[in-house]
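Worksheet for the structure shown next.
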Amino acid sequence: MTKKTLSRFLTGLILSVLAVSCSHDELVAPSSVLKGAAQSADATASRDSNLALGNPSGAVADPYYYWNYLVVKPQYTMSYHRDRGTPNWVSWHLSSAWLGSTPRQDNFAADNTLPTGWYRVQATSYSGSGFDRGHQCPSADRTGSVADNSATFLMSNMVPQAPRNNQQTWAGLENYCRTLVDAGNELYLICGSYGKGGTGSAGPLSTLDNGHVTVPNRLWKVIVVLPNGTDDASRVTTSTRVIAINTPNDNSLLTTWGSYRTTVDAIEQATGYDLLSAVSASVQSVVEARTDNGPTQ
DNA sequence: CTGCGCATC
DNA sequence: GATGCGCAG
């Protein structure tokens, strides 16, 4: 390892640690204010850290790490891959505190906050490909303001997703998640994609937009369900419901999301990530090995 | 930007 | 019928 790469590595390590430790200040500070207000009102939902359960890939906010670049927005946190033109994963918090009456903005747009010189995937980049612009953090999870909803329409929050996978299977799961919120829960969600090549409505494809965007082979999602409360990973126990699904990016997908349930361990093995790393190891070992068998609607 | 299709609740 | 996922012109 050269001196330069060593220094890059150390910088990355430090930034990575900062990204996790600082996220508390950056992301929770404003929510603490909201939480204080909410608690005096009804002691229920608040807006918590979008990265409360950990940074799965040790993503770093340094453009040097173009394959694992940390993007922090008020609405979600992600690891972005410059050369795939998609996020590796997106992490966000969902509670009723994020939900309001803002309608879908439908303002798909390039994410101009990406580093200078990087290719920015355009709103029209997926046109004619047979793949949807599939939200990672869904539009309907961020309806508190026009700014919140618009953030979900940035192309950095999209992956090429087979229409049936997106509009039926995933939409069904997203709807179910919001019913959990309506029932008094808050959710910590992380979803992502990996592999190359999917089958959309126009047949198989491995890249689009002249190779600027990789079509992922599989899409996964992990959902941690907690009753409304304070922002603290220690609330996750061995009895906490954790839903993990892993779906092929294929238009022949079944519409029922429940049949794609798997373990967090299996997703970690497939991706190399460390999910729910902020949860104690003893709890992780239990909840990550378990396949959810709860209700699906 | 408007209009449209499709699936779900 | 309303909502939510998109698309094309």
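Chain letters run A, B, ... following the sequence lines, proteins first and then strands; every chain starts at 1. Side chains are part of it too, since the values below use all heavy atoms of this structure and drop only hydrogens, waters and symmetry mates.
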Note to self: Check for me whether R133(A) meets the cation-pi criterion with F108(A), that is, NZ or CZ under 6.0 Å from the six-membered ring centre and within 45 degrees of the ring axis.
What the structure shows: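 Verdict for F108(A): a cation-pi partner in R133(A).
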
Next item on the list: State whether W98(A) and R142(A) meet the cation-pi test: NZ (Lys) or CZ (Arg) under 6.0 Å from the six-membered ring centroid, and within 45° of the perpendicular axis.
Entry: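 Relative to the ring axis of W98(A), which defines the angle, R142(A) lies inside both limits.
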
Item checked: Protein proximity profile, nucleotides 4-9 of chain C - base contact B, sugar-phosphate-only contact S, no contact -, cut-off 4.0 Å on heavy atoms -> SBBS--

Checklist line | Atom pair distance, as rounded to whole Å: CG in L254(A) and P in dA7(B) | finding: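 To the nearest whole Å, that distance equals 15 Å.
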
Note to self: Could you tell me how far apart Q297(A) (CD) and dA7(B) (C1') are, to the nearest whole angstrom?
What the structure shows: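 Roughly 14 Å, once rounded to whole Å.
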
Item checked: Any residue meeting salt bridge (charged side-chain N to carboxylate O under 4.0 Å, His left out) with D111(A), in chain and number order, not counting sequence neighbours ->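 Only K73(A) meet the salt bridge (charged side-chain N to carboxylate O under 4.0 Å, His left out) criterion with D111(A).
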
Note to self: Just to verify, what does R241(A) make a salt bridge (charged side-chain N to carboxylate O under 4.0 Å, His left out) with, not counting sequence neighbours?
What the structure shows: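 Listed in chain order: D292(A).
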
Notebook entry, point to check: Out of Q167(A), R164(A), Q161(A), which residue meets the side chain to side chain donor-acceptor pair (under 3.5 Å) rule with D132(A)?
Noted result: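 Going through Q167(A), R164(A), Q161(A) one by one, the side chain to side chain donor-acceptor pair (under 3.5 Å) with D132(A) is satisfied by Q167(A) alone.
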
